[in-house]
Amino acid sequence: MGKYIARRVMQMVIVILGITIISFTIMHLAPGDPVDLLAGRTATPEQRAHIKHLYGLDKPIIIQYFAWISKVAQGDFGHSYISGRPVLTMILERLPATLILNFWAMIIIYLLAIPIGMLSALRQYSWFDYIATTVAFLVRAMPAFWFALLLVYFVGMRVEGIEIAGMSTYGINWGVQSFWTVFKDRLSYIVLPLTVLAFGGMSGITRFMRASMLDVIHQDYIRTARAKGLPEKKVITNHALRNALLPIVTLIGFELPILFGGAVIIETIFSWPGLGLLAVTAIFQRDYMVVMAFNIMGAVMTVIGMFIADMLYLVVDPRIKYD
Amino acid sequence: MIKLEEKKLNLQLEETFAQMVWRRFKRHRLAVISLVFLIFITLVAILAPFISPYDYEKTNTEHTLEAPSAQFWFGTDRIGRDLFSRVVWGSRISLSVGFVAAAVSVMVGTTIGSLAGYFGGIVDDILMRFTEMVMSFPVIFLLLTIIAIVERSVFNIMMVIGLTAWPGLARLVRGQFLSLREMDYVEAARALGATHKRIVFRHMLLNCMAPIIVNATLGVGAAILAESGLSFLGLGIINPPSWGTVLNSGRAHLRFAPWIMMIPGALIFLTVLAFNYIGDGLRDALDPHLKR
């Protein structure tokens, strides 16, 4: 097992290194000289040369890569070409909004999807199962932004007290107004984006839980539990559910990148001031430093997430032997 | 009477693979309905110049933001363009992006997956690490980044979507190849001195066609969704418009002209749904373990 973990770590390092190389290459293929962006139109050739030298853009590409990668490793993603501010600061500013939205979405998804998937499996081919699987199938084909706009039109524009843009009302802050006033204010903004995210994310987890449960209830040990006369409720909660939940636990690893960047389009629709909105703005402004930071952080989080998922699998299922 | 029975039996014995698949596919009613729907949409896309009553670019300032009527079936947009014509032309872009991007993704995924699975060892290691790298980039960021860099043409959008969608299939094909490689008939072919090319194409690839075909079908739907997402963010194809582009143009007029966004959105939804149902139907029809 130690050997397996060591090999997995090695693979992870290689993949992360590859990701930085791909990112760096993409950045260099980008049209437009960054010097143009930094110096502006009125710069004299001397000023341009100075800027080029200052940013190390006059050095060979390999040197540039190593200079860049050693900075990135220290969390320095450079400065935005547009605002001149450190990219990391810009990202950290926007992180809380995105985390709040995706965290609550994830909680709702798991709280609803696990019981629904379980019930679907226990009552396979019942009307409940039929409706649950059909809805999950429909959601999978639905463009999330279309669903979001439908919600805005039919709910946001008609129901008093539900907001369709932003995250909070200016001047209503924690600690200033009473808890309930602030809570109600925040809730009125988060309701719609949260609904879209939860609805979209549920279909996958429901299907997964249903499959996992179906797999478990046909196992021999469930038959044994029933045969020895355990009440059905106990068979389900103590024997079936606990085993069916194991594969779900490993999904937590895959949620890491989703927490970070799972809502790009939804954030732009609801003007949610998070990372997604920042990313889209950066792309429109061709602010490559910001864009590349997003790509790298997202990719590294996916790699780490997959690693966590694999490790959780080891912990959760002792039958698995790796060489 | 007996002869007829015999004939019937013979017919059944002579059923080709395609006939069997079709017979089993027909049982999935929603998949058949989906197929009819898609044939209809495809015909609309092909015949777009004859179907659309107006020029999709022609503005008409006397009729702006009009609701659907007998004159303008799907209404008009802010600068008075006929939305029915725009949606009809949009089906061309949306469908062709879907088909081409899925084809690109299937070709790349199958090639990389089969090479890795067939040769194993160092080839497998290198190709799979590369696959993991591509897989690790959050698809939406990667798409947006490349779109920001390359010129925004229909061809480039097809390529970008196709080239970011293949890792799942590559892993699937690799897994199939790893197990097929150990099969007796593959070993027999090798013992008979068959070339790599013959073993891969005649024996192994043919035996994992089922998951590849299903993946390709679902891939078309996924590519249409991806394209509409890009267009929705304003990074897609503008002229001629795709369904996502038309939908995006309705965002600012949601309150007073919701039909601009609703109709193309519904079409994207139904089309992707149709591809998913067909994929589902094909999965059942192609599965050799389900003997019915």
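Atom set for the values below is all heavy atoms of this structure, side chains included, hydrogens, waters and symmetry mates excluded. Residue numbers begin at 1 in each chain, while the letters A, B, ... track the order of the sequences.
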Answer key: most heavy-atom pairs under 4.5 Å with chain B among Asn295(A), Leu138(A), Ile283(A) is Asn295(A)
Filtered by a 4.5 Å non-hydrogen cutoff, the part of residues 140-153 of chain A contacting chain B is Arg140(A), Ala141(A), Met142(A), Pro143(A), Phe145(A), Trp146(A), Leu149(A), Leu150(A), Val152(A), Tyr153(A)
Taking a cut-off of under 4.5 angstrom between non-hydrogen atoms, the residues of residues 247-257 of chain B near chain A are Leu247(B), Arg251(B), Leu254(B), Arg255(B)
When rounded to the nearest 0.5 Å, the distance separating CD of Glu132(B) from CE of Met12(A) is 11.0 Å
Only pairs under 3.5 Å count here: list side-chain donor-acceptor contacts from residues 296-308 of chain A, not counting sequence neighbours, and write none if there are none.
unit_1    : atom_1 : unit_2    : atom_2 : d
Thr302(A) : OG1    : Gly298(A) : O      : 2.8
Thr302(A) : OG1    : Ser136(B) : O      : 2.9

Residues of residues 263-272 of chain B with a heavy atom under 4.5 Å from any heavy atom of chain A, in residue-number order, are Gly265(B), Ala266(B), Ile268(B), Phe269(B), Val272(B)
Cut-off 4.5 Å, heavy atoms of chain A, and the answer for Tyr277(B) is both
Rounded to the nearest 0.5 angstrom, the CG-CZ distance for Leu235(B) and Phe284(A) is 4.0 Å
Exercise. Does CZ belonging to Phe130(B) count more than 12 external heavy atoms closer than 6.0 Å?
Worked result: no
CG (Asp125(B)) and CD1 (Ile14(A)) are apart, to the nearest 0.5 Å, by 8.0 Å
Practice task
Please check if atom CZ in Arg171(B) has more than 12 non-hydrogen atoms from other residues, nucleotides or ligands closer than 6.0 Å.
Solution key: no
Legend entry - Close side-chain approach of Leu144(B) to Val264(A), heavy-atom, < 4.5 Å: yes
When the 4.5 angstrom heavy-atom criterion is applied to Met128(B) and chain A, the contacting part is neither
Taking C-beta and beyond as the side chain, do Ile26(A) and Leu142(B) meet within less than 4.5 Å on heavy atoms?
yes
When rounded to the nearest 0.5 Å, the distance separating CZ of Phe232(B) from CD1 of Ile269(A) is 3.5 Å
Check: Pro258(B) and Phe154(A) side chains under 4.5 Å, non-hydrogen atoms: no
_For the CZ atom on Arg207(A), are there more than 12 heavy atoms of other groups (residues, nucleotides or ligands in this structure) within a distance under 6.0 Å?_
no
